[in-house]
Amino acid sequence: MSTKREDGRGPEDIRPIKMEVGVIKNADGSAMVSLGKTVAIAAVYGPRELHPKHLQVSNRARLKCIYSMAPFSTTERVRPGPSRRSSEISKVTRESLEPALFLENFPKTTIDVFILIVQANAGTRTAGINAASLALADAGIEMRDLVTSVAAGKIDGTYTIDLAGKEEEATDCDLPIAYMPRIDKITLLQMDGDMPVKDVKGTIELAKKGCKILYEEQKKALLKKWAKEGLE
Amino acid sequence: MSTKREDGRGPEDIRPIKMEVGVIKNADGSAMVSLGKTVAIAAVYGPRELHPKHLQVSNRARLKCIYSMAPFSTTERVRPGPSRRSSEISKVTRESLEPALFLENFPKTTIDVFILIVQANAGTRTAGINAASLALADAGIEMRDLVTSVAAGKIDGTYTIDLAGKEEEATDCDLPIAYMPRIDKITLLQMDGDMPVKDVKGTIELAKKGCKILYEEQKKALLKKWAKEGLE
Amino acid sequence: MSTKREDGRGPEDIRPIKMEVGVIKNADGSAMVSLGKTVAIAAVYGPRELHPKHLQVSNRARLKCIYSMAPFSTTERVRPGPSRRSSEISKVTRESLEPALFLENFPKTTIDVFILIVQANAGTRTAGINAASLALADAGIEMRDLVTSVAAGKIDGTYTIDLAGKEEEATDCDLPIAYMPRIDKITLLQMDGDMPVKDVKGTIELAKKGCKILYEEQKKALLKKWAKEGLE
Amino acid sequence: MNVQDQYIINLIQKAHRIDGRGLEDFRKVTLEKNPIGQAEGSALVQIGNTKVVVGVKMGVGTPFPDTPKEGILICNAELSPLASPNFELGPPGEESIELARIIDRGIRESKAIDVEKLCITEGEKVWMVFVDIYPINHQGNLIDASGLAAASALANAKMPKLEGDKLIYDEKKTPLPLKELPIPVTFAQIKDHLVVDPSLEEERAMNGRITVSTKENGNVCAIQKGGDAMTMANIEKALDMSVKKGKDLRKLV
Amino acid sequence: MNVQDQYIINLIQKAHRIDGRGLEDFRKVTLEKNPIGQAEGSALVQIGNTKVVVGVKMGVGTPFPDTPKEGILICNAELSPLASPNFELGPPGEESIELARIIDRGIRESKAIDVEKLCITEGEKVWMVFVDIYPINHQGNLIDASGLAAASALANAKMPKLEGDKLIYDEKKTPLPLKELPIPVTFAQIKDHLVVDPSLEEERAMNGRITVSTKENGNVCAIQKGGDAMTMANIEKALDMSVKKGKDLRKLV
Amino acid sequence: MNVQDQYIINLIQKAHRIDGRGLEDFRKVTLEKNPIGQAEGSALVQIGNTKVVVGVKMGVGTPFPDTPKEGILICNAELSPLASPNFELGPPGEESIELARIIDRGIRESKAIDVEKLCITEGEKVWMVFVDIYPINHQGNLIDASGLAAASALANAKMPKLEGDKLIYDEKKTPLPLKELPIPVTFAQIKDHLVVDPSLEEERAMNGRITVSTKENGNVCAIQKGGDAMTMANIEKALDMSVKKGKDLRKLV
């Protein structure tokens, strides 16, 4: 099929990608990821001591993820502070990153991941996961694999990746995944929509393909930072 | 007097009583009490260690009671979460149960009592106290006496027990008590209304009478559970 | 200039002053200050042990200030509980008192200052600081100097002190200061308005003058209390 | 149980109280009317060293759907840490909620305020009456000090003028439509004895507390028991005494 | 990892479960319709020892500006400490928010409720449907118990009568306009095996969880993965099995 | 006092700063205009390694009763733990409230926004202007970075189109009615010396802080002192210097 999308992309094309590592000096690791008009930044602090002490886990680190949207990131202002939506996204984000980490290496500590959506135009949770994964790597925390994330759907009979703008209304489903390409395991999978099992499988397969593209971009961004550090 | 009430009861009749002990497997003790269309369930957890430690009392257990109503328990939906009304009821419930317990036997621990009103049609605090008292006994916590509770009032010149439905509007007062029949002491007493002292005294006396009826039912419910356990 | 003000005062006149020390028996120190129709009371508790322990500072006391307004203190009822305005005033009040104290003398403790505005008619933060300073002295806490506080402005070309009523709308600026007269240092300085730098300086100078008047009243109020205690 | 508690209990068994009062004696009660200029009505009550300010403010709001013709009463109590080392910062706890609700029920159940006269436009606009209770120093028996101050603040309140949608607070003339003065009287059970107006020391040693609010005609309009288990004898004694003590206090309003 | 977790994992590698079930077996499921008199619709579902009550209440409110012709669905779950020693008091945490949102999305995405039929006056007044989920005993797989109970509560709900601005709750006749019954089915990945309807013990030992909600025609309307990393094989297995299991459960509604 | 603080204090007494700046020098300041597509106006300001984004959003709301003809300004600052290991999760604390209120007062008191032009229907509908301040990296002097970014975001903001009750965010043309550009300039008192634009290290060693916001004509529109006691000499120096430094920064907007 050769349907053109509202922004001229083919169905398997991801929006223009920009990734930059090390954008927040104070953080132990940080990154900015933009996909078209969606921009996420992530900061990692830790592993650091966890207070109060009764929250410490004796044999592993606690991973904490907080996803939030800047009030000016959307068409209508978002109220600051946690919402039910942001709480759920924080939870699934944590669960999508945790399998990549060796938390058992840092008993009694906390690793804190803060994600801020600066601009939102669909795909904020996936952009946030991409940024957070880079930030963890930038923090020098050993990982099984980078976690990479994108959403897919099916529009007018065609599996379509990285939905944006009005495509979220036209698609049969909105299906974000997070994926560790080297290990071939899925760490995030959600779906809203209405489609047969067969199509769900097809959509997941396309999303995995998209993740592999983003994976290469993530590695480039890390190399660029490391190269720069090497020069310094 | 022989006034018939809207549900056909005589003035000293309590609504149909159902009591069941052990309804929540996870709890250390639990019970369900229904009086007509009012249904309360209670769970007891503890005595268990109290965290954080600075809340521990060195020479006794802390008793914590939380009364709450399910949003669907009333005609108009109740917002979940504590209200001023539920906070006050939690407090008077705790004070109505505490005199029955030997808290000094469990230093530094907490005994947590959770009451959920599943259906509400008058008399929810008294139903909750009856259920909580059974749940404490079910948890195997030694007690001076069972605490038993009912409200009374005076309608058209007649002392009337266990008000329900529109009787709450017709009565001169709404007077809930909690009572330990064996010890003959009152642990809850509230009153809203407008009546002479003499009538208040009369209403309390009738309420005590009602408590004795419920007391027998409580004992039956416990025996039933214990008999069942004996069989197992 | 000889402009008369709405309440008949001259531009450098402060409203009728009443100060009384020791108004709250439970507190370690307390005071009431009224300036015209503005009435503030302050209570000091401490230095006392700070809980939970992880908030303790090893080499000094923590100073905590809470400013609040009684709901009935204003024309339109104020909602009880902290607001953004009261949080900011609590912060600048703490910073205006702290320089007068030797917090390093009381490691690991807390000194708690509670200010309640009972009647409000302009100048509540400055009245609160005056009361708090007296309460600290009343608590027997050693101080570098009393902190004394008043606001000034410029109305129709005239520097004017202790604005009240509709003067807050007529002035070119509202400029509250807190000042330690003996040490000649400023511990609070805020300004809302629109005026040249030269006028700001002039307004501050007048405010300092006003502070010296209040300073004498503060000392009198303390002496009165101490004299009374001597007699007892 | 500490030494002071034990001492209070020993005394009471000889019918003595720690401050020398008789079992049926209040501490000295004083009442100052309308001390707060900006409030519609206010009162400062002192019972011994206990000091409570109550202010009444009025506003305009929407009636509750089930009482479209009735004004709204809102009672609120703030146990500010200013008043006692035992009070803590934060949202209202059980103790302050209970205090506010006891005062609220006394006013509501005695029909003290003629709420129908507070209707402006049925179903749309009614007067709201806020009763805010602020203890300034807590030395026991906050309930009676608060209840007496609330009754006085309501009795001496003047309503702001309503012009169209605007409230003119400078022109207050009409008194609040008040029909009744409910007065709460509180008793402590110490060991098996009953004392009126417990001081803070007695509250710590008591094993039961009961508050009875009465109307001018002697009828009871609200009861709240707190604390431990009470005997029927003490409850009856409290009921009887509350009428007499309520009459005495009501004279101050 | 504790001993029980290890035991469960060892068993699963021989395709055995701790309670003797087959990998594709649910525990015993029972459903009681409309146990709550005051609710518009309700259900009590038990799956093994897991017990969840769901109640549906209706009210009238203002529509969202972007959907002026549509009624409003609000799902809420309370993980009361009554139901488990692991639940804590306080505002809803991540777990209860996720539970409510999974159920919410199943209903919303399957277009189970005909929300346009819940419009009273366009842009001004619409029906609000509250689905409140209350676990009473948590022994694993709260999602499926909640989803089944929610479907049943909605299917058996009767709307109160609206007279002018007033809701008459005594006269409930018209059923909720329902078009679909979405049923969530949850799987745990233990080691690399997939089991349906995990018990609490299995939830502790699992390294991945996936819920698939399906419609009557077998279409998927919502998915939520939780926990650890899953293989594509297990995800596909879960997708396939959810249709069959969903059909079985739907029969109970 | 730690070693670094002591070092900074020793340096300052020789009129040196830890990063080599002169006492009256700002770090490098850069400003990016409208980096955020979805905001009505936005700016990213960097002062050294301090980085702050400010976004302006607009909506429609009800005016305050006492200013029925005026639009509403709301300033808010979030000190996200993303930006500094010293920031904590949770509701806004004193520091973020103070930051927002300083920026708010500068805008309000200078009458920067012509709020009367933001009235849509008197007493009923007015524009609301939200100024949201988000530090991304905190390395000292958040106030000046926030104030400069806010001024730029307001100056470059375009209002959405209002059609009936609906806001069309795709068609933004009209600029915000802006009359003034208030610029805050912040000074730290270290020992008895005054330095402009304190870095984070200097903030830790300082014993006083003062911010002066000025208008284009050099008038002062807001002052906020923080921290310890200041001498009159330093306050006067800050007042004088703020006008000059404000002029320099205003050129960037």
Side-chain angles (χ1 to χ4, degrees), chain B residues 59-60 64-67 75-76 82-101 103-104 144-145 147 154 169 171-180 183-205 207-208, chain D residues 1 64-66 74-77 91-102 104-106 108-112 180 182 189 192 207-215 217-244 246:
Chain B
N59 60 348
R60 37 168 285 179
K64 178 174 196 145
C65 288
I66 303 291
Y67 163 100
T75 303
E76 279 182 65
S83 66
R84 293 170 68 90
R85 177 181 173 273
S86 72
S87 293
E88 188 197 351
I89 296 182
S90 294
K91 178 176 190 290
V92 296
T93 298
R94 187 186 70 237
E95 293 172 332
S96 74
L97 296 169
E98 214 170 284
L101 301 176
L103 295 180
E104 61 278 17
R144 288 190 174 80
D145 197 357
V147 178
K154 190 177 186 188
E169 289 157 37
T171 184
D172 292 351
C173 84
D174 182 15
L175 187 151
I177 73 163
Y179 181 58
M180 294 189 290
I183 297 178
D184 189 25
K185 282 201 171 167
I186 285 176
T187 65
L188 170 84
L189 174 60
Q190 295 185 290
M191 185 267 217
D192 286 355
D194 187 351
M195 53 161 57
V197 165
K198 173 180 64 69
D199 288 357
V200 173
K201 293 179 185 170
T203 308
I204 297 175
E205 286 305 335
K208 282 167 64 178
Chain D
M1 183 164 303
F64 292 115
D66 49 339
I74 293 165
C75 284
N76 175 57
E94 277 181 0
E95 201 180 346
S96 79
I97 290 173
E98 188 189 36
L99 172 58
R101 285 177 64 86
I102 295 172
D104 182 280
R105 281 211 300 265
R108 204 175 290 275
E109 296 295 328
S110 67
K111 303 195 169 39
E180 187 56 65
Q189 177 182 271
D192 286 325
N207 64 335
R209 190 203 74 205
I210 185 166
T211 300
V212 183
S213 297
T214 52
K215 299 184 8 175
N217 68 359
N219 269 14
V220 177
C221 55
I223 303 178
Q224 181 90 342
K225 199 198 80 51
D228 216 324
M230 290 186 88
T231 60
M232 193 63 196
N234 275 336
I235 290 171
E236 298 197 338
K237 206 184 285 181
L239 284 165
D240 293 330
M241 216 194 300
S242 67
V243 182
K244 193 175 143 290

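So that the names make sense, note that chain A is the first sequence line, chain B the second, and so on, each numbered from 1.
There is no contact between Val212(D) and chain B, counting heavy-atom distances below 4.5 Å. Proximity to chain D involves both the backbone and the side chain of Gln190(B), based on heavy atoms less than 4.5 angstrom apart. No part of Ile102(D) comes within reach of chain B, as not one of its non-hydrogen atoms sits under 4.5 angstrom from that chain. For chain D, the nearby part of Arg94(B) is the side chain; its heavy atoms alone come within less than 4.5 Å. With a 4.5 angstrom heavy-atom cutoff, Asp66(D) does not touch chain B via any of its atoms.
Here Ile186(B) is the residue among Val197(B), Ile204(B), Ile186(B) with the most heavy-atom pairs under 4.5 Å with chain D. Across Met180(B), Lys91(B), Lys185(B), the residue that shares the most heavy-atom pairs under 4.5 angstrom with chain D is Lys91(B). Most heavy-atom pairs under 4.5 Å with chain B, from the set Lys111(D), Gln224(D), Arg101(D): that is Arg101(D). Ranked by heavy-atom pairs under 4.5 Å with chain B, the first of Gly208(D), Ser110(D), Gly226(D) is Gly226(D).
Dense packing is recorded around CD of Glu94(D), with more than 12 heavy atoms of other residues, nucleotides or ligands lying under 6.0 Å away. Other residues, nucleotides and ligands place more than 12 heavy atoms under 6.0 Å from the CD atom of Glu98(B).
For the pair Arg108(D) and Asp192(B), the minimum side-chain heavy-atom distance is 4.5 Å or more.
Here CG of Leu188(B) is found 7.0 Å from NZ of Lys225(D). Values are rounded to the nearest 0.5 Å. The distance from the CG atom of Leu189(B) to the CD1 atom of Ile235(D) is 5.0 Å, given to the nearest 0.5 Å. A distance of 12.0 Å separates CE of Met195(B) from SG of Cys221(D), quoted to the nearest 0.5 Å. Interatomic distance, Lys208(B) NZ to Met232(D) CE, rounded to the nearest 0.5 Å: 5.0 Å. Ser86(B) OG to Ile97(D) CD1: the interatomic distance, rounded to the nearest 0.5 Å, is 8.0 Å.
Ion pairing of Glu88(B) with Arg105(D) is present here, as a side-chain N (NZ or NE/NH1/NH2) and a carboxylate O approach within less than 4.0 Å. In summary, Asp240(D) and Lys201(B) engage in a salt bridge, as defined by a charged side-chain N under 4.0 Å from a carboxylate O.
In terms of heavy atoms, Ala229(D) sits closest to Pro99(B) at N-CG, 3.7 Å. Of all non-hydrogen atoms in Cys75(D) and Arg84(B), the two that sit nearest each other are O-NH2, 3.3 Å.
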